[in-house]
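I have a structure I would like to understand better, so I am pasting it below and will then ask my questions one at a time.
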Amino acid sequence: MVRQAEPSRGISSDGAHIAQWFNALPVCTRFLLEATCVLTLVAGFQLVPGYHMAMSWPAVTGKFQLWRLVTTFLTTGLSINGVIHVIMLYQNSIALEKEEFGGRTADYAWFIIFNMIAMLSVSWLTNTRFLSGGLLLALVTLWSLHRPNQIVKFFFGFRFPARYLPYVLMGFDILGSGGAFPYASFYGWLATQAYYYLSVDLPARGGLNYIPTPQLVYRIFGQVRRADPRSVSARMASTSNPVSERPGGGHAWGQGRRMN
């Protein structure tokens, strides 16, 4: 009698572990990771042409293709650079959502939404079609603003304080594109600088928070404002004090150019 082969328990066990890890991710990080992977694969395999994911104001305003307002931030290249993009997106997003925005999912979602709106409002100036690199630079910039003196490791073991990380990444974008200016990354950096000043730095100095999280966003995530925006911002600003290098060598980064 021939015995029927038993299903591989190793494969199913690995799949269960991956699913458990993914479901345990914070809400916003899980959405960004899943959406970026799915849309990049869809565009990369031409299931939907990539130009349908790109930002086009005539298509948005004239043909009401509103999905472009979101897909432009969540589509990158199907390449090694795209893999590095996804890894960096995960690393920075989960760090921000668990630490600076720990327990404040609505506030983190508002940070992302604010940056998207800001980048979209200026993208028409340079006809920038993909803003995924800008979203990544926004996360990297906020991460570095809260850890200015933490040592990060870059390609070839190059080490430097985190405050320089956004500029190093934009420099690599310029080199990788043959000298073209990385407008998407620059927009992400600029939007985050504005967000940090208006919602963190200025309130910490006794001013008002001019871009507080809307109540609608709190309702969507089933949360309520737990403290006065000024006190929350002051607490976030306190994390910007110099910190020493993390055990194990700090934050590790690889080389890669993001799609602009």
Side-chain angles (χ1 to χ4, degrees), residues 28-29 31-44 49-57 60 67-96 108 111-145 152 154-155 162-196 251-260:
C28 294
T29 298
F31 168 77
L32 291 176
L33 186 62
E34 181 177 19
T36 300
C37 289
V38 170
L39 291 177
T40 297
L41 290 173
V42 167
Y51 61 82
H52 283 306
M53 307 290 188
M55 184 58 204
S56 170
W57 281 109
V60 170
W67 66 82
R68 294 177 183 268
L69 298 172
V70 178
T71 57
T72 181
F73 294 100
L74 302 172
T75 308
T76 187
L78 189 59
S79 62
I80 185 62
N81 293 330
V83 173
I84 294 173
H85 175 101
V86 171
I87 292 173
M88 295 177 66
L89 183 74
Y90 163 76
Q91 287 179 331
N92 286 273
S93 181
I94 196 170
L96 289 170
Y108 183 51
F111 160 71
I112 295 172
I113 293 170
F114 173 85
N115 274 271
M116 286 181 170
I117 293 173
M119 283 186 272
L120 286 171
S121 67
V122 296
S123 64
W124 62 272
L125 294 172
T126 52
N127 194 30
T128 304
R129 300 177 64 81
F130 285 98
L131 294 167
S132 54
L135 178 59
L136 177 58
L137 232 293
L139 301 180
V140 170
T141 300
L142 188 62
W143 183 90
S144 65
L145 284 171
V152 297
F154 203 66
F155 206 57
R163 67 166 66 91
Y164 302 118
L165 182 58
Y167 310 107
V168 171
L169 292 178
M170 283 192 280
F172 268 79
D173 274 348
I174 294 174
L175 292 175
S177 63
F181 188 78
Y183 287 106
S185 297
F186 175 71
Y187 294 153
W189 172 84
L190 190 63
T192 300
Q193 293 287 349
Y195 171 88
Y196 187 84
H251 213 78
W253 306 91
Q255 181 182 13
R257 182 173 68 87
R258 295 173 300 283
M259 181 183 295
N260 292 329

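Keep in mind that the numbers below use all heavy atoms, side chains included, and drop hydrogens, waters and symmetry copies. Position 1 is the first residue of the sequence, and the numbers go up from there. Quick caveat, the model's predicted, so the values are computed rather than measured.
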Among Leu32, Ile112, Leu120, which residue satisfies the side-chain contact (heavy atoms from CB on, under 4.5 Å) criterion with Phe73? Leu120
Under the side-chain contact (heavy atoms from CB on, under 4.5 Å) test, which residues partner Thr40, sequence neighbours left out? Thr36, Thr76, Leu78
Closest approach of Gly50 and Phe130, non-hydrogen atoms and distance? O-CZ, 3.6 Å
Nearest-0.5 Å distance, CG of residue Leu142 to CD of residue Gln193: 9.5 Å
With side-chain contact (heavy atoms from CB on, under 4.5 Å) as the criterion, how do Leu139 and Gln91 come out once you've worked through the C-alpha distance, each side chain's angles and the decisive distance to 0.1 Å? CA-CA 10 Å; Leu139 301 180; Gln91 287 179 331; over 6 Å; no
Spacing of CG belonging to Leu137 relative to CG belonging to Leu190, to within rounding of 0.5 Å: 11.0 Å
Set of residues satisfying side-chain contact (heavy atoms from CB on, under 4.5 Å) with respect to Val42, sequence neighbours excluded: Val38, Leu47, Val48, Met53
Main-chain N/O of Thr75 paired with Ser132 side-chain donor or acceptor, under 3.5 Å: yes
Does Trp57 have more than 12 heavy atoms from other residues, nucleotides or ligands lying within 6.0 Å of its CH2? yes
Student check: side-chain heavy atoms of Phe111 and Thr192 closer than 4.5 Å: yes
Answer yes or no: is there a side-chain heavy-atom contact under 4.5 Å between Tyr164 and Val152? no
Do you know the tightest heavy-atom contact between Gly133 and His85? N-CE1, 4.1 Å
Got Thr126 and Tyr187 here, is their nearest side-chain heavy-atom distance under 4.5 Å? yes
Apply side-chain contact (heavy atoms from CB on, under 4.5 Å) to Leu74 and Phe31, showing your working. CA-CA 10 Å; Leu74 302 172; Phe31 168 77; 4.2 Å; yes
Shortest non-hydrogen separation from Ala184 to Met119 and the atoms involved: O-SD, 4.3 Å
Should the ring pair Phe114 and Tyr195 be called parallel, tilted or perpendicular, given that the plane angle runs from 0 to 90° and is split at 30 and 60? tilted
To the nearest 0.5 Å, what is the distance between CD (Glu34) and CG (Leu39)? 10.0 Å
If every non-hydrogen atom of Ser121 is compared with every non-hydrogen atom of Ala118, which pair is closest and at what distance? OG-O, 2.6 Å
What is the distance from atom CD1 of Ile94 to atom CG of Leu89, rounded to the nearest 0.5 Å? 11.0 Å
Check against side-chain hydrogen bond (donor to acceptor under 3.5 Å, both in side chains), Tyr108 and Thr29: CA-CA 10 Å; Tyr108 183 51; Thr29 298; 4.8 Å; no
The reported gap from CZ in Phe186 to CD1 in Ile174 (rounded to nearest 0.5 angstrom) is 11.0 Å
Nearest 0.5 Å please: distance from the OG atom of Ser144 over to the CH2 atom of Trp189. 10.5 Å
Answer yes or no: is there a side-chain heavy-atom contact under 4.5 Å between Leu165 and Trp143? yes
Quick one: are Met88 and Leu169 in side-chain contact, heavy atoms under 4.5 Å? yes
Met116 side chain near Leu131 side chain, heavy-atom distance below 4.5 Å: no
Any donor-acceptor pair under 3.5 Å linking the side-chain atoms of Tyr51 with those of Ser56? no
